[in-house]
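Scroll down for the structure; my scribbles are underneath it.
Residue numbers start from 1 in every chain, and the chains themselves are labelled A, B, ... in the order their sequence lines are given, proteins ahead of strands. Here the structure is a predicted model, which means the values were calculated and not measured.
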There are 2 protein chains.
Amino acid sequence: MSSSKHHDHKRCVTSALENAAAICSSRGLRLTPLRRQILELVWHSHRPLGAYSLMEMLAEHSGRKLVAPPTVYRTLDFLVEHGLIHRVHTLNAFVGCSHPAGPHSDVLFICRECQTASEVHSPQVYKAIHICAAEQQFKVVQQMLEVVGICAGCAARKP
Amino acid sequence: MSSSKHHDHKRCVTSALENAAAICSSRGLRLTPLRRQILELVWHSHRPLGAYSLMEMLAEHSGRKLVAPPTVYRTLDFLVEHGLIHRVHTLNAFVGCSHPAGPHSDVLFICRECQTASEVHSPQVYKAIHICAAEQQFKVVQQMLEVVGICAGCAARKP
DNA sequence: CCACGTTATGTTATTATATAACATTGGCAA
DNA sequence: TTGCCAATGTTATATAATAACATAACGTGG
């Protein structure tokens with residue numbers, strides 16, 4: 001499926017994992033097997049995955065005993081908290097963060113057709129939001145910007 | 001509760017309802033009693049309300065027979081579809097739209113402390129997002145921008 | 001090494017959110 | 001009136017998330 005943009009997906013996953021390992025190590029966090037597996041599964045798909053899908057995949061995939069919801073959610077919380085994945089609220093799902101070290105000032109474009117979610121770093125948008133917040137004297141803790149529509153690939157395929 | 005900013009809330013609700021009635025009438029939509037009641041309840045609170053809270057409120061409030069989830073969701077869908085309310089994804093909740101006639105290019109600021117959600121129209125943010133989308137050749141269907149943080153009022157109260 | 005506190009995971013049950021599928025009602029126009 | 005269509009009602013169930021408590025694994029100071 002996916003693999004739309006001719007990028008080497010296996011490599012892409014591998015590098016994301018290495019990246020995550022480096023980040024965890026540098027911050028004194030433990031990238032346990034479970035965390036690593038879930039991160040890998042999330043990354044394996046470029047489309048956001050729900051917690052329950054992940055549970056199933058874990059069960060099949062890794063021959064694990066069957067991981068219960070709380071375990072998955074805790075793990076996802078960990079990954080979100082440390083910026084390794086994003087929660088996609090419009091889909092109740094999770095997707096890998098493509099630049100986990102940075103400040104997470106990004107826009108998530110979600111394609112209606114192929115469900116691919118791509119994260120775009122946009123200082124302009126970020127700045128506009130913060131100016132707007134400042135005008136309200138609103139102190140930003142966390143922002144969430146999700147745009148739903150049709151990606152370039154799908155638009156091309158469906159004229 | 002709320003009534004933070006010294007605005008006359010009753011009036012504010014009333015005008016929102018009148019506004020909605022006008023919009024429906026002009027578009028040939030039916031603002032039925034149920035729709036009207038739910039819209040009123042949503043507006044009555046400036047904080048986003050969940051579907052199930054609304055159900056309870058309907059039951060107590062309007063002496064109605066007890067409205068089941070599908071009915072509430074359908075009604076909420078109608079109101080969202082025609083821009084009379086917004087869905088707040090970060091909270092799985094709904095809040096009145098303060099300018100239902102316009103193009104809905106707005107930012108929703110949600111206060112962590114008092115749960116108030118306020119909608120701010122910001123052409124700058126809107127523009128930045130669309131420029132960013134254009135760069136990706138992404139066709140925007142719907143966008144969602146929610147910012148969580150501390151509102152001016154709460155920041156003032158808690159030094 | 002081991003006793004202990006801490007962090008991570010397991011387990012069971014439950015709550016919260018949302019929709020599917022089909023039945024009934026009510027307005028309205030031919 | 002009849003017949004259609006939109007709105008609401010009803011029953012059951014799917015999907016998402018958390019609470020509360022139990023156990024295991026990890027590492028540090030003694």
Nearest heavy atoms of B/Arg87 and B/Glu146, plus distance in Å: O-OE2, 3.8 Å
Nearest heavy-atom pair of A/Val42 and A/Gly96: which atoms, and what distance? CG1-N, 3.3 Å
Test of understanding: clusters of I, L, V, M, F, W, Y form through side-chain heavy atoms closer than 4.5 Å, transitively. Do [X] and [Y] belong to the same one?
X        : Y       : result
A/Ile38  : A/Val95 : no
A/Trp43  : A/Leu84 : yes
B/Met144 : B/Ile85 : no

Rounded to whole angstrom units, what separation is found between the [atom1] atom of [X] and the [atom2] atom of [N]?
X       : N      : atom1 : atom2 : value
A/Leu49 : D/dA17 : CG    : C1'   : 17 Å
B/Arg35 : D/dT8  : CZ    : C1'   : 9 Å
B/His89 : D/dA17 : NE2   : P     : 12 Å
A/Phe94 : D/dA17 : CZ    : C1'   : 9 Å

So which of residues 71-86 of chain B are in contact with DNA chain D, with a heavy-atom cut-off of under 4.0 Å? B/Thr71, B/Arg74
What range of DNA chain C does chain A touch, first nucleotide to last, counting atoms under 4.0 Å from its heavy atoms? C/dA8 to C/dT12
Main-chain N/O of A/Arg30 paired with A/Arg35 side-chain donor or acceptor, under 3.5 Å: yes
Got a donor-acceptor contact below 3.5 angstrom from the A/Thr14 side chain to the A/Lys10 backbone? yes
With the side chain of A/Pro70 defined as its heavy atoms from C-beta on, choose the nearest nucleotide among D/dA19, D/dA7, D/dA17. D/dA19
Contacts under 3.5 angstrom, residues 118-127 of chain A side chains, donor-acceptor by atom type, not counting sequence neighbours:
{"residue": "A/Glu119", "atom": "OE1", "partner": "A/Ser98", "partner atom": "N", "Å": "2.8"}
{"residue": "A/Glu119", "atom": "OE1", "partner": "A/Ser98", "partner atom": "OG", "Å": "3.0"}
{"residue": "A/Glu119", "atom": "OE2", "partner": "A/His86", "partner atom": "NE2", "Å": "2.9"}
{"residue": "A/His121", "atom": "ND1", "partner": "A/Ser105", "partner atom": "OG", "Å": "3.4"}
{"residue": "A/Ser122", "atom": "OG", "partner": "A/Val125", "partner atom": "N", "Å": "3.2"}

Pick the closest DNA chain D nucleotide for B/Arg30 and for B/Pro69 by heavy atoms, then say which residue is nearer the 5' end. B/Arg30
Taking the nucleotide of DNA chain C with the closest heavy atom to each, which residue, A/Pro33 or B/Ala51, is nearer the 5' end?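 On the 5' side of the pair lies A/Pro33.
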Given that A/Leu34 and A/Asn92 both sit by DNA chain C, which one's nearest nucleotide is further toward the 5' end?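 Its nearest nucleotide lies further toward 5', so the answer is A/Leu34.
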Should the heavy atoms of other residues, nucleotides or ligands under 6.0 Å from CZ of B/Arg11 be counted, would the total exceed 12?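 At most 12 heavy atoms, drawn from other residues, nucleotides or ligands, come within 6.0 Å of this atom.
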